[in-house]
Amino acid sequence: MKQRLSEVMGKLMALPIMFWLIIFFMLPFVFMLIISFYQRGIYGQLIPGFSLDNYWRFFDSLYLGILLDTLVVAFVTTISVLLIAYPLAYYISRLPRANQAIWLVIVMIPFWINFLIRSYAWVIILRSQGLVNTILLKLGIIDVPLSLLYNWPAVMLGMVYTLLPFMVLPLYVSLEKLDRRKLEAAYDLGARPWQAFWHITLPLTKPGIALGSIIVFVSSIGMFVVPDVMGGAKSMLLGNVIQNQFLSARDWPFGSAISVWLMILSAILIALYYKAMQWEQRLEDKL
């Protein structure tokens, strides 16, 4: 009876979440999927019908080149975020509980500020008359302002800064659940710190690494604010193409088709993550 009541309460508690997902995710996706089969009129109006032209158009060399650039930027961003986030998450997990809470709040603080405001804050810091160039000029280190904005390094910096918390939190959870007794056993058997890390800590935190990498990679391929604000016209990613199709070109069917391709790619990556986790779990069970 108690188990039955618990199941019913669990379903009731999940209803608001399901309602939220249906209203703000499923319905917009259905509308976008329907529009992706429409045609664009001369003045940007939607012409109902069923056509796959918008999907085939995506395979034009121009858009495939932008897709390749997007995947490269997403990959480099994911690796960069992982290299920064892992030591930070490891350091936080080794602190006393009270200090862990403080550091986690510091990691979460960027979420309290509007995403667009944070992007423009970097513009103020990196522009020719910005904080960095002003300090360097005052110190006499440089004679002319450096070009720190509207290039790919600026885009990478903005994306790493934006997505860093999404990697730190999954890694922290994995590191926090790590069985310290295995590390103590390794040290007792003569393992050096780097050996214990490589053979125990790193393998046991692979789920956190994989989950954080998927979140950062999928978020990177759909990013358009950072490339637009910090990269200018020189940096065009797939998210910017979708934005332009909806706002500038007024080609909603093609923009919807690109969005569907992007969601398919994201779904494939997430499915591969779960398959890899299941395969690893089965391998551990056999061992």
Side-chain angles (χ1 to χ4, degrees), residues 14 17-40 44 46-79 81 111 115-116 119 155 158-159 162-163 165-167 169-170 209-228 231 235-278:
I17 300 175
M18 295 301 298
F19 178 78
W20 179 275
L21 290 175
I22 291 172
I23 296 298
F24 294 102
F25 178 75
M26 290 302 299
L27 287 180
F29 175 73
V30 171
F31 291 147
M32 184 179 66
L33 183 63
I34 294 173
I35 292 174
S36 68
F37 297 108
Y38 282 20
Q39 292 293 316
R40 177 186 182 276
L46 297 176
I47 302 177
F50 182 86
S51 174
L52 296 176
D53 292 343
N54 295 311
Y55 288 93
W56 291 119
R57 182 180 167 190
F58 178 72
F59 292 96
D60 184 90
S61 59
L62 172 64
Y63 301 110
L64 289 180
I66 295 175
L67 174 62
L68 179 61
D69 291 340
T70 303
L71 294 176
V72 171
V73 170
F75 178 77
V76 175
T77 299
T78 303
I79 297 299
V81 171
F111 289 125
F115 178 63
L116 191 59
S119 299
V155 173
M159 295 181 71
T162 301
L163 299 173
F166 294 101
M167 182 71 78
L169 297 179
I209 295 173
L211 179 58
S213 299
I214 289 294
I215 294 174
V216 171
F217 190 86
V218 171
S219 301
S220 298
I221 60 178
M223 187 75 68
F224 67 91
V225 174
V226 171
D228 194 33
S235 305
M236 178 68 70
L237 300 181
L238 204 58
N240 302 106
V241 176
I242 296 173
Q243 178 197 29
N244 291 336
Q245 295 303 316
F246 277 99
L247 301 181
S248 301
R250 295 186 62 188
D251 193 347
W252 287 26
F254 184 51
S256 298
I258 299 177
S259 301
V260 172
W261 279 121
L262 189 61
M263 295 192 68
I264 291 174
L265 176 61
S266 302
I268 291 174
L269 292 173
I270 295 172
L272 289 175
Y273 162 74
Y274 281 109
K275 285 292 184 181
M277 291 299 102
Q278 292 174 359

Would you compute the distance between atom [atom1] of [X] and atom [atom2] of [Y] and round it to the nearest 0.5 angstrom?
X: S36; Y: F29; atom1: OG; atom2: CZ; answer: 8.0 Å
X: F58; Y: D60; atom1: CZ; atom2: CG; answer: 10.5 Å
X: L265; Y: I270; atom1: CG; atom2: CD1; answer: 10.0 Å
X: T78; Y: F75; atom1: OG1; atom2: CZ; answer: 8.0 Å
X: I242; Y: F254; atom1: CD1; atom2: CZ; answer: 9.5 Å
X: L67; Y: F59; atom1: CG; atom2: CZ; answer: 9.0 Å

#### Entry: Donor-acceptor pair, side chain of N54 and main chain of Y38, under 3.5 angstrom
yes
### Query
Does T70 use its side chain to pair, donor to acceptor, with the backbone of L238 at less than 3.5 Å?
yes
Could you report the tightest heavy-atom contact between [X] and [Y], atom names first, then the distance?
X: G255; Y: S259; value: O-OG, 2.9 Å
X: S119; Y: V226; value: OG-CG2, 4.1 Å
X: M167; Y: V81; value: CB-CG1, 3.4 Å
X: L46; Y: P253; value: CD2-CD, 3.6 Å
X: L33; Y: V260; value: CD1-CG2, 4.1 Å

Please tabulate, for side-chain N and O atoms in residues 209-225, each donor-acceptor pair with protein atoms closer than 3.5 Å (sequence neighbours left out).
unit_1 : atom_1 : unit_2 : atom_2 : d
S213   : OG     : I209   : O      : 2.7
S219   : OG     : I215   : O      : 2.7
S220   : OG     : V216   : O      : 2.7

### Task
Report the residues that fulfil ring-ring contact (aromatic ring centres under 6.0 Å, His included) with F37, sequence neighbours left out, ordered by chain and then residue number.
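F37 satisfies ring-ring contact (aromatic ring centres under 6.0 Å, His included) with F50, Y55 once adjacent residues are dropped.
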### Task
Look at atom CZ of F115 and say whether more than 12 heavy atoms of other residues, nucleotides or ligands are closer to it than 6.0 Å.
yes
#### Entry: Summary of salt bridge (Lys or Arg N to Asp or Glu O under 4.0 Å) pairs that have at least one residue in residues 243-268, sequence neighbours excluded
R57-D251
#### Entry: Test side-chain contact (heavy atoms from CB on, under 4.5 Å) applied to M236 and D69, step by step
CA-CA 8 Å; M236 178 68 70; D69 291 340; over 6 Å; no
